[in-house]
Amino acid sequence: MTEPGSNVTEIDARLAAEALIVDVDGFEGPLDLLLSLSRTQKVDLRTISVLALAEQYLSFVDRAKALRIELAADYLVMAAWLAFLKSKLLLPPDPKEDGPSAEEMADHLAFQLERLAAMREAAARLMGRDRLGRDVFARGMPEGISTHRNVMYQATLLDLMQAYARIRTKDDFRPYVMDREAILTMEQALDRLRGMIAFAGQWSDLASYLPVEWQGDSARRRSSLASTFAATLELAKEGRVELRQSDIFGPIELRKTPE
Amino acid sequence: MTDQDDDMPPGADPEELGALEDPGLFDAPPLAEQERMVEAMLFATSEPLTLREMGTRMPQGCDPATAVAMLQNHYRGRGVNVVQVGGAWALRTAPDVSFLMQKEVVETRKLSRAAIETLAIIAYHQPATRAEIEEIRGVAVSRGTIDLLLDLDWIRIGRRRETPGRPVTFIVTEAFLDHFSLSSARDLPGLGELRAAGLLDARRMPGQQEDAAETDDAGPEDEEDEGQEEMF
Amino acid sequence: MTDQDDDMPPGADPEELGALEDPGLFDAPPLAEQERMVEAMLFATSEPLTLREMGTRMPQGCDPATAVAMLQNHYRGRGVNVVQVGGAWALRTAPDVSFLMQKEVVETRKLSRAAIETLAIIAYHQPATRAEIEEIRGVAVSRGTIDLLLDLDWIRIGRRRETPGRPVTFIVTEAFLDHFSLSSARDLPGLGELRAAGLLDARRMPGQQEDAAETDDAGPEDEEDEGQEEMF
């Protein structure tokens, strides 16, 4: 047991500090806390002593620190700024330094507090107005008014003729496209192979799967070989055929995957 | 009528008269005030209100029946009327101004390029299957385009083509001819005339014979259906 | 005023007067009739209607502005009033009889202090950017607060501020005016005093460059498009 007297002061101090700390949750940021502290000065916000306010704020932050209360970063930023402002207010102005004077900064802080207080009051007055659904009421049985949009499409004979002429002209002047006569597409090859693969129980040369009618012309043969080969790879990926090639440039052989 | 105390005969005891008319501890509001209350309630409520319901909401000693009767009188001949719905009361807009509540707006829109081209192809090549339209336009024809033209009653479904799959064909309608002031689809200018009108470039691909629409002029007369199949 | 033809001076040519007063092919309905129409329309909706919206529904030659003014006069002092909401008009119950509507009250969730303050800042400073709101409150505005206000349709996104980053601004809506019984944002309580006290000025911390907020005092006056932005 320690001496009762000091114990009491300690408890008082702790309670006072805790009262403030408990409130920290209720504060909406450092400006709100400052506004709250400024009320203790019981003066018009325009004539507030910013220096006194800064001291109050800094001692609040110190107490919070002493109690190992984690303060949000913006409270600490404000503390640093106020410490800076306090030192500027206490020291004689440095003529070489440019930037705002301590008085200007203090003025602005007072303005911010006054503006916040004014907005709070305005918000309260706004909320106190006659409100729809509470003090005044809209029609309870609206019958509704509606707009039906009827779209009418217009086209003239000339539009029709021009459209037709456009299509026909497009044919006459169609842009050059690659002639696909000599191309066997992979889809075509794949379609062919899918039909034939059921019968490929034995290893057999890929060349035997090429369509006969594509063998005459060399361009057509190359195309059919390429697409058929690509198609076998696709079927191999699907797990439906197996492929093998015994040596480099040797014949490629395939067979149906044994079941 | 508590609000007419001023009119009472000279010599009458105001206390006594008041006591006769208003047995409540407090005076009921003047009737004009009661009418305002009924008005506000009937306006704001989402369901018709009975006199009883109104009475329970109003201050003691009020007479909703009289107030409603006054209100009904006030709204007589106006844009809104006090009407009785079953055993309850409601405010309703007057029937003769109901035309204001519904507005029909006609919007004129131009046909999309896809629609007008599809229509042109059907008109020039009818009967035309969807595949044929796509072949000529070189792009797929969306279901919506055909539906719109069907909807407008400018095309209709013709005979099925007797080819594999028996695809439906589209032909233009009377309404189409009406809209474009044509007496028949044969009146559509042929390619030669389009060219003469400067709508079609005069040059032709070498070796290509006069096609489609050119034969139109002769074609459809004979057989509605077959005559045009050779176009493709 | 075609319904006052009877009052014209003797000897005047009715044809000529009519032609002067009503250039339309058909006479517009008498004003009393127009008043009924406006009354019915305002009753039929729970949302405010603009004069334009009313005008497009009424017969040609009608004058909804005069009709609304007459209607407003007719409803003065009654249980239901004609009120202006921004650029539109609505019927609303008189505030003094709200006690009758207890049953109609929809329980609204309580707004947080942050939401209330943010709303007030936007209303009094509009158009206001998020940064400006944070500057005034001295604390970050959570996404949820703005979302809630947008959700309630009390604020909406205005024009982008033409400053670096082109931040969006927020302005209050007609629904906001309607909810708080304001006929325009100019009627915000205490607006004049706050302005006179310089508390609505976009003052920045001395030494910081003037940006953003400073420009809007000049800005909106030039371009007329938003209406709301020039209320102040």
Trainee: Hey, is the main chain of Val136(A) close enough, under 3.5 Å, to the side chain of Ser98(C) for a donor-acceptor pair?
Mentor: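 Pair absent, no side-chain N/O of Ser98(C) close to backbone of Val136(A).
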Trainee: Are any side-chain N or O atoms of Arg115(A) and backbone N or O atoms of Leu199(C), one a donor and one an acceptor, separated by less than 3.5 Å?
Mentor: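 Here the side-chain-to-backbone pair does not exist.
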Trainee: Quick one: are Met127(A) and Leu111(C) in side-chain contact, heavy atoms under 4.5 Å?
Mentor: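 Met127(A) vs Leu111(C): side chains touch.
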Trainee: State, to 0.1 Å, how close Arg92(C) and Ala138(A) come at their nearest heavy-atom pair, and which atoms those are.
Mentor: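 Reported closest heavy-atom pair: NH1-CB, 3.2 Å.
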Trainee: Leu49(C) versus chain A, heavy atoms under 4.5 Å apart: side chain, backbone, both or neither?
Mentor: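 Only the side chain of Leu49(C) comes within 4.5 Å of chain A.
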Trainee: List the atom of Arg137(C), the atom of Leu116(A), and the distance in Å for their closest heavy-atom pair.
Mentor: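 For Arg137(C) versus Leu116(A), the nearest heavy atoms are CA-CD1, 3.9 Å.
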Trainee: What do you reckon, is CD of Glu47(C) surrounded by more than 12 foreign heavy atoms closer than 6.0 Å?
Mentor: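 Counting other residues, nucleotides and ligands, CD of Glu47(C) stays at 12 neighbours or fewer.
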Trainee: Of the non-hydrogen atoms in Pro30(A) and Gly138(C), which two are nearest, and what is the gap between them?
Mentor: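 Scanning both residues completely, I find the closest heavy atoms to be CD-O, 3.9 Å.
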Trainee: Identify which of Leu91(C), Leu119(C), Leu182(C) forms the greatest number of heavy-atom pairs closer than 4.5 Å to chain A.
Mentor: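 So the answer, after comparing Leu91(C), Leu119(C), Leu182(C), is Leu182(C).
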Trainee: Could you tell me which portion of Arg129(A) (side chain, backbone, both or neither) has an atom closer than 4.5 angstrom to a non-hydrogen atom of chain C?
Mentor: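 For Arg129(A), the side chain is the part near chain C, not the backbone.
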Trainee: I need the residue from Gly190(C), Pro189(C), Ala120(C), Ala44(C) with the largest number of non-hydrogen atom pairs under 4.5 Å to chain A.
Mentor: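 Going by pairs under 4.5 Å, I would pick Ala44(C).
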Trainee: Which answer fits Ile116(C), side chain, backbone, both or neither, if we ask what part of it has an atom under 4.5 Å from a heavy atom of chain A?
Mentor: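 Contact with chain A: backbone and side chain both.
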Trainee: If you count heavy-atom pairs within less than 4.5 Å of chain A, which of Val139(C), Thr45(C), Thr93(C) leads?
Mentor: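 Option with the greatest count: Thr93(C).
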Trainee: Distance-only, no hydrogens or angles: does the Arg131(A) side chain make a donor-acceptor pair with backbone N or O of Ser181(C) under 3.5 Å?
Mentor: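 No: the side chain of Arg131(A) does not pair with the backbone of Ser181(C).
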Trainee: Which residues from residues 103-112 of chain A are near chain C, with near meaning under 4.5 Å between non-hydrogen atoms?
Mentor: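 Within residues 103-112 of chain A, near chain C: Glu104(A), Met105(A), His108(A), Phe111(A), Gln112(A).
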Trainee: What part of Ala197(C) gets closer than 4.5 Å to chain A, counting heavy atoms only: side chain, backbone, both or neither?
Mentor: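 Both the backbone and the side chain of Ala197(C) come within 4.5 Å of chain A.
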Trainee: Working note: Glu117(C) + Arg120(A), criterion side chain to side chain contact (heavy atoms under 4.5 Å, CB included); need CA distance, chi angles, decisive distance, verdict.
Mentor: CA-CA 6 Å; Glu117(C) 285 182 18; Arg120(A) 293 246 162 104; 2.3 Å; yes
Trainee: Can you measure from CD (Glu121(A)) to CD (Glu193(C)) and round to the nearest 0.5 angstrom?
Mentor: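 It is 9.5 Å, given to the nearest 0.5 Å.
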Trainee: Please identify, among Asp130(A), Asp74(A), Leu31(A), the residue contributing the most non-hydrogen atom pairs under 4.5 Å to chain C.
Mentor: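 The answer is Asp130(A).
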Trainee: Where is the tightest heavy-atom contact between Leu200(C) and Met119(A), given as atom of each residue plus distance?
Mentor: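 Result for this residue pair: CD2-CE, 3.6 Å.
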Trainee: Provide the closest heavy-atom pair for Leu126(A) versus Phe180(C) in the form atom of the first, atom of the second, distance.
Mentor: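 Reported closest heavy-atom pair: O-CD2, 3.3 Å.
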